[in-house]
Amino acid sequence: MSRVRPPGYGRYTACTGRGRLLLVMLYDCRSPADRDRGVAAAIEAVRGGELVVLPTDTVYGVGADAFTPHAVKALLDAKGGRPVPPPVLIGSRRTLDGLVFRLPRAARDLVEAFWPGALTIVVEHSPSLRWDLGETSGTVAVRMPLHPVALEVLRETGPMAVASANTAGLPAATTAEAARGQLAYSVRTYLEAGPAVDPVPSTIVDLTGAVPQLVRAGAIGLDRLRDVVPDIVESRAA
């Protein structure tokens, strides 16, 4: 295995089990030139069914094209542990309307108040969507992150299945370098943007029932949610 580190980003190659060379790149997006190259490389990787690690406004995420089944499977395999359907990140509010079967008024109000940001909403997805995220019972967890690098990628790739950039049992990565230490060659492109500013996970609200439920407490507290949706309740799983 050879390893070369040009200024601004890391680079190394490895021989896969299929006998082909896999090029893995880490780009430092704090450098404007490397950011442009890194974003372009990430978009190309996602469109090619490869995995990428990218910063969000919470922790770093490992993502794949949500509509490419083998890429989603590769994401779950890279994470290890029990397969859990990954959330979907989107790059614009308009994208949400194309994904959902019905968007409740409470969901619209929460999105208006907290997107882009650290709020994940669980809604019924459109039955016409051709994706396979796992056993979701017709629902999807969706978020629009508040991070310029993530949004730049997502606006070009479309919806991405994204999970925290770590392997099962280890802490979520707060830098791309830390993610590379865990995920290694399973990811094609790593986008480094420095340590996560606020590594508290996103708040998750389930809006598929008659009453909105707080499924996971996170960066947005219950009091702030109730300012927008007064009837929200805490789930037993929260």
Side-chain angles (χ1 to χ4, degrees), residues 54-67 72 75 83-148 150-155 157-164 172 196-238:
L54 70 168
T56 76
D57 47 341
T58 56
V59 296
Y60 277 69
V62 54
D65 177 24
F67 294 97
V72 176
L75 186 159
V84 177
V88 170
L89 296 192
I90 59 177
S92 74
R93 165 65 182 80
R94 293 188 301 274
T95 304
L96 180 63
D97 292 324
L99 298 180
V100 299
F101 174 69
R102 181 182 63 86
L103 194 63
R105 175 60 184 271
R108 294 187 183 278
D109 291 343
L110 288 170
V111 164
E112 182 67 25
F114 299 113
W115 275 17
L119 173 69
T120 299
I121 60 171
V122 180
V123 291
E124 295 180 27
H125 70 71
S126 173
S128 64
L129 292 180
R130 294 184 177 181
W131 62 14
D132 184 5
L133 302 176
E135 295 298 325
T136 64
S137 300
T139 67
V140 62
V142 190
R143 184 163 87 88
M144 180 181 175
L146 181 58
H147 195 288
L151 291 175
E152 192 171 350
V153 173
L154 289 162
R155 284 168 182 159
T157 63
M160 288 177 58
V162 179
S164 58
V197 175
D198 188 5
V200 178
S202 68
T203 296
I204 301 178
V205 177
D206 186 341
L207 294 147
T208 60
V211 178
Q213 293 191 41
L214 175 64
V215 175
R216 182 177 75 186
I220 300 172
L222 181 60
D223 289 343
R224 292 179 63 196
L225 296 173
R226 282 181 171 159
D227 286 341
V228 179
V229 181
D231 61 339
I232 190 170
V233 298
E234 289 187 84
S235 167
R236 292 181 179 179

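Predicted model only: the values in this text are computed from it and were never measured.
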If you compare all heavy atoms of [X] against all heavy atoms of [Y], which two are closest, and at what distance to 0.1 Å?
X	Y	answer
Val62	Ser164	CG1-O, 3.7 Å
Ala196	Pro199	O-CD, 4.0 Å
Pro145	Leu89	CG-CD1, 4.1 Å
Leu75	Ala161	CD1-O, 3.2 Å
Val88	Ala66	CG2-CB, 4.5 Å
Met144	Gly91	CE-O, 3.5 Å

Would a 4.5 Å heavy-atom cut-off, applied to side chains only, mark [X] and [Y] as touching?
X	Y	value
Ile121	Leu96	yes
Asp132	Val72	no
Leu99	Pro159	yes
Asp198	Asp57	no
Val140	Val123	yes
Leu110	Pro212	no
Met160	Val153	yes
Thr58	Arg143	yes

Next item on the list: Ignoring hydrogens and angles, tell me if any N or O in the side chain of Ser202 forms a donor-acceptor pair with the backbone of Ala118 under 3.5 Å.
Entry: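 It does not hold such a pair.
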Next item on the list: Give a yes-or-no answer on whether the side chains of Thr95 and Arg155 include a donor-acceptor pair shorter than 3.5 Å.
Entry: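 On atom types as modelled, these side chains do not qualify, holding no pair under 3.5 Å.
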Notebook entry, point to check: Taking atom types as modelled, is there a side-chain donor on Thr139 or Ser137 under 3.5 Å from an acceptor on the other?
Noted result: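 Judged by distance alone, the side chains do not pair up.
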Notebook entry, point to check: Between CG of Asp231 and CG of Leu225, what distance do you get to the nearest 0.5 Å?
Noted result: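 If I round to the nearest 0.5 Å, the distance is 11.5 Å.
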Check: In Å, rounded to the nearest 0.5 Å, how long is the span from CG of Asp206 to OG1 of Thr120?
Finding: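 Those atoms lie 12.0 Å apart.
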Note to self: With salt bridge (charged side-chain N to carboxylate O under 4.0 Å, His left out) as the rule and sequence neighbours excluded, what pairs involving residues 86-103 come up?
What the structure shows: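 Residue pairs with at least one partner in residues 86-103: Arg93-Asp97, Asp97-Arg108.
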Next item on the list: Evaluate the ring planes of Trp131 and Phe67, with Trp represented by its six-membered ring, and classify them as parallel (under 30°), tilted (30 to 60°) or perpendicular (over 60°).
Entry: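 Trp131 and Phe67: parallel rings.
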Note to self: Just to verify, what does Thr136 make a side-chain hydrogen bond (donor to acceptor under 3.5 Å, both in side chains) with, not counting sequence neighbours?
What the structure shows: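 Scan of Thr136 (side-chain hydrogen bond (donor to acceptor under 3.5 Å, both in side chains), adjacent residues dropped) gives none.
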Check: Going by the side chain to side chain donor-acceptor pair (under 3.5 Å) test, which pairs reach into residues 109-119, not counting sequence neighbours?
Finding: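 Only Arg105-Asp109 qualify under side chain to side chain donor-acceptor pair (under 3.5 Å).
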